[in-house]
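Heads up, the thing below is written out as structure tokens.
All chains are named by letter (A, B, ...) in the order of the sequence lines, taking the proteins before the strands, and each is independently numbered beginning at 1.
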Amino acid sequence: AFGFLKKHVLGNKTITEQDLNSILEQMKQQLITKNVAPEAAAFLMDQVSKDLVGSKTAGWTSVEITAREALTKALTQVLTPGVSVDLLHEIQKKAEEKQPYVFSIVGVNGVGKSTNLSKLAFWLLQNNFKVLIVACDTFRSGAIEQLRVHVENLAQLTDESHIRGSKNKRGKSGNDHVELFEAGYGGSDLVTKIAKQAIKYAKDQDFDVVLMDTAGRRHNDATLMSPLKSFAEQANPDKIIMVGEALVGTDSVQQAKNFNNAFGKARDIDFFIVSKCDTVGQMLGTMVNMVYATDIPILFVGVGQTYTDLRTLSVNWAVNILMS
Amino acid sequence: MVLADLGKRINNAVNSALSNTEDDYATTVDVLLKTLVTALLEADVNIKLVSNLRNNLKETLMGNKGTGKSTSNAQTKKLIQKAVFDELCNLVDCESEQPFQPKKRKTNVIMFVGLQGSGKTTSCTKLAVYYSRRGFKVGLVCADTFRAGAFDQLKQNAIKAHIPFYGSYTETDPVKVAAEGIAKFKKEKFEVIIVDTSGRHHQEQALFQEMVEISNVVKPNQTIMVLDASIGQAAEQQSKAFKESADFGAILLTKMDGHAKGGGAISAVAATNTPIIFIGTGEHIHDLEKFSPKSFISKLLGIGDIESLLEQ
Ligand SMILES: Nc1nc2c(ncn2[C@@H]2O[C@H](COP(=O)(O)OP(=O)(O)OP(=O)(O)O)[C@@H](O)[C@H]2O)c(=O)[nH]1
Ligand SMILES: Nc1nc2c(ncn2[C@@H]2O[C@H](COP(=O)(O)OP(=O)(O)OP(=O)(O)O)[C@@H](O)[C@H]2O)c(=O)[nH]1
Ligand SMILES: [Mg+2]
Ligand SMILES: [Mg+2]
């Protein structure tokens with residue numbers, strides 16, 4: 001799609017702002033068609049411009065090609081996480097101290113929190129951890145039953161003899177490896193109560209990991225967002241993961257910012273999961289928007305509706321698609 | 001709200017452009033177009049649509065020779081507002097004829113389709129409540145056998161709203177459940193039967209095939225595509241694909257209580273020539289509003305009295 005970048009095989013030319021103007025404008029438009037927010041696209045163009053104005057093109061290389069390379073670099077920089085985290089190792093360390101490792105999953109309505117939480121559970125089960133899934137979405141109809149179905153499925157996947165609907169030795173949905181912790185539907189007081197009880201329960205029952213699902217909420221509504229802060233203070237999760245969906249357009253910038261700010265000055269979101277990447281073709285811009293807005297790394301991308309559809313992000317893959 | 005602050009921005013742009021008496025008409029138009037383009041792109045309107053709209057507007061506004069110094073600012077402002085109004089109206093399909101109305105004492109089947117998580121199941125119940133309050137005998141059918149907990153979700157909503165429902169915990173074929181649900185409610189002389197289906201996307205062909213099969217047994221009088229107001233540039237592709245396979249006749253735009261401007265959905269309207277008829281404004285069963293594109297746009301442009309504008 002970047003076919004407008006015609007090749008002038010000259011090289012060794014000092015690049016001026018003027019040389020770049022129309023090239024940058026076209027690259028920006030291309031990024032917008034890939035669902036990069038205008039704001040994020042403008043930021044990237046700034047990076048390219050800073051990188052190039054005053055520098056010389058390499059021999060046999062046009063300004064266009066040079067600009068393209070600079071954009072590839074800028075995109076790679078945005079998407080590459082600053083610190084790498086070996087989650088499995090961290091969980092293992094805590095497990096050895098008999099402490100459960102706690103995740104809470106947050107995000108706006110319908111983005112895929114519960115589904116991707118279940119995918120995370122599958123990944124952890126495959127790594128031989130014992131997982132407690134906690135139904136902290138006490139608001140949306142069917143939210144608890146949805147998790148129960150996932151727990152049943154995961155129990156069957158880890159233990160073929162598991163019979164659907166049967167209870168484990170503690171009388172709960174699930175088996176020895178994965179279990180559902182729930183206390184029905186109710187208000188936000190109930191949510192914090194469940195979270196605290198679940199963590200205690202996980203510790204007593206030797207679970208390695210606690211995965212807390214939360215209700216979807218509008219990031220522009222303070223009455224929905226403010227309970228997140230006290231929830232995080234009370235439950236004190238090791239990691240807060242925000243799920244954002246690849247389908248969202250420019251609002252992804254504000255979604256990421258508002259969720260990140262919801263936990264107060266002392267606490268940030270730790271990771272993103274960008275879901276529904278299988279539904280957008282080449283329009284992977286949401287990833288760029290969310291990371292650009294917050295500098296928070298992408299832990300996984302969701303690429304489908306089954307348990308194995310969770311991948312680590314290949315930055316090269318994403319950048320290539322965004323540049324094509 | 002869709003393009004909520006767009007109206008303000010356009011009005012500000014028009015006012016400030018006009019108050020700057022140094023500028024000639026062409027400059028005024030240029031400044032205005034720039035503002036408009038930026039605002040539309042930031043609202044997720046498809047980039048091709050934006051560029052078309054820009055060209056059309058430029059042609060209309062620059063074609064009006066004699067405007068400028070000789071006419072008053074107020075007249076120029078009206079002229080610009082009307083041109084912008086017309087173009088935005090084209091985008092949201094103000095012209096479409098009377099939307100589907102269910103008929104009393106007849107079976108009216110409404111099928112919901114859409115992307116994953118867009119708000120189908122929630123909106124199904126909202127619409128059921130809407131028609132039920134208008135005196136129809138309404139039933140809900142859960143033809144989503146895929147999503148975990150889908151039937152429980154619909155069931156709990158339906159019970160809260162006192163709407164009869166049909167679904168199955170054991171049957172895995174949505175076509176079969178849909179057929180059974182329709183048959184049951186038809187026999188019991190229900191007037192409006194609303195069918196909920198799983199979320200799907202055009203990249204997965206089998207899912208689209210399934211949607212066509214459900215549609216074939218359900219024989220909907222109206223198919224509604226549910227779209228999330230925050231959808232970005234993917235709106236055009238997805239909605240076109242849904243149009244080709246499900247031939248939906250209306251769009252229901254959800255999560256309008258959010259912060260998103262809904263430009264993606266407007267692109268879907270333009271790509272499929274299908275009007276938005278309802279908007280969802282919250283998670284509760286009464287958070288549904290009828291949508292009328294024309295009055296909406298006049299409101300957003302801050303034009304109180306469209307008729308006088310149209311007479312110009
Ligand atoms: N294609 C695709 N669909 C996904 C993906 N992740 C989740 N989904 C689907 O998105 C829909 C919504 O997923 P949920 O997990 O219920 O979303 P949620 O964020 O928990 O929703 P609420 O709790 O209602 O806010 C379901 O139909 C999922 O199957 C993904 O990576 N790809
Ligand atoms: N704020 C807000 N939330 C909404 C609205 N409509 C739906 N939701 C929420 O969006 C989420 C997804 O809604 P569902 O009705 O489950 O979506 P769906 O299209 O049936 O999802 P799948 O069946 O998984 O494809 C839920 O958390 C709903 O409460 C709305 O108008 N406003
Ligand atoms: Mg959920
Ligand atoms: Mg549903």
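- Surrounding NZ of A/K167 are more than 12 heavy atoms belonging to other residues, nucleotides or ligands, all under 6.0 Å away.
- Counting heavy-atom pairs closer than 4.5 Å to chain B, the top residue among A/G249, A/S141, A/G110 is A/S141.
- If you measure heavy-atom distances from B/D228 to chain A, the contacts under 4.5 Å come from the side chain alone.
- Residue A/Q29 touches chain B through both its backbone and its side chain, counting heavy-atom pairs closer than 4.5 Å.
- In this structure, the portions of B/L41 lying under 4.5 Å from any heavy atom of chain A include both its backbone and its side chain.
- Heavy atoms closer than 4.5 Å to chain A are found in the side chain of B/F146, but not in its backbone.
- Heavy atoms closer than 4.5 Å to chain A are found in the side chain of B/L115, but not in its backbone.
- Going from atom CD of B/Q116 over to atom NZ of A/K276 covers 6.0 Å, rounded to the nearest 0.5 Å.
- In the displayed structure, A/K257 atom NZ is contacted under 6.0 Å by more than 12 heavy atoms of other residues, nucleotides or ligands.
- Among the candidates B/R147, B/K255, B/Q238, the residue making the largest number of heavy-atom pairs closer than 4.5 Å to chain A is B/R147.
- Interface remark: of the candidates B/E42, B/H202, B/K160, B/E42 forms the most heavy-atom pairs closer than 4.5 Å to chain A.
- Within 6.0 Å of the NZ atom in B/K243, the count of heavy atoms belonging to other residues, nucleotides or ligands exceeds 12.
- Separation of atoms CD (A/Q282) and CD (B/Q237) is listed at 9.0 Å; rounding is to 0.5 Å.
- A/R164 CZ: more than 12 foreign heavy atoms inside a 6.0 Å radius.
- The candidate with the highest count of non-hydrogen atom pairs below 4.5 Å against chain B, out of A/R140, A/R148, A/H150, is A/R140.
- No other option in A/T279, A/V108, A/L247 has as many heavy-atom pairs under 4.5 Å with chain B as A/T279.
- Between the side chain of B/Q233 and the backbone N or O of A/K34 there is no donor-acceptor pair closer than 3.5 Å.
- For CD1 of A/I163, the number of neighbouring non-hydrogen atoms (other residues, nucleotides, ligands) closer than 6.0 Å is 12 at most.
- The choice from B/G117, B/A148, B/G119 that makes the most heavy-atom pairs within less than 4.5 Å of chain A is B/A148.
- Heavy-atom pairs under 4.5 Å with chain B peak, among A/T115, A/V253, A/V248, at A/V248.
- Of the two parts of B/L207, only the side chain, counted from C-beta on, holds a non-hydrogen atom closer than 4.5 Å to a non-hydrogen atom of chain A.
- Contact detail for B/A234 and A/V280: the closest heavy-atom pair is CB-CG1, 4.1 Å.
- Across all non-hydrogen atoms, the minimal contact from A/N220 to B/H259 is ND2-N, 3.5 Å.
- Taking chain B as the reference chain and counting heavy-atom pairs below 4.5 Å, the highest number among A/V149, A/T33, A/D221, A/N109 is found for A/N109.
- Side-chain contact check for A/Q146 versus B/D152: every heavy-atom pair is 4.5 Å or farther apart.
- Between A/E145 and B/Q156, the side chains place a donor N or O and an acceptor N or O closer than 3.5 Å (distance only, hydrogens not considered).
- With rounding to the nearest 0.5 Å, the separation of CZ in A/R218 from OG in B/S230 is 12.5 Å.
- Heavy atoms only, all atoms of each residue included: A/T250 and B/D44 are closest at N-OD1, 2.8 Å.
- Nearest heavy atom pair, residue A/N35 against residue B/G232, reads OD1-CA, 3.5 Å.
- The neighbour count for B/K176 NZ, taken as heavy atoms of other residues, nucleotides or ligands under 6.0 Å away, does not exceed 12.
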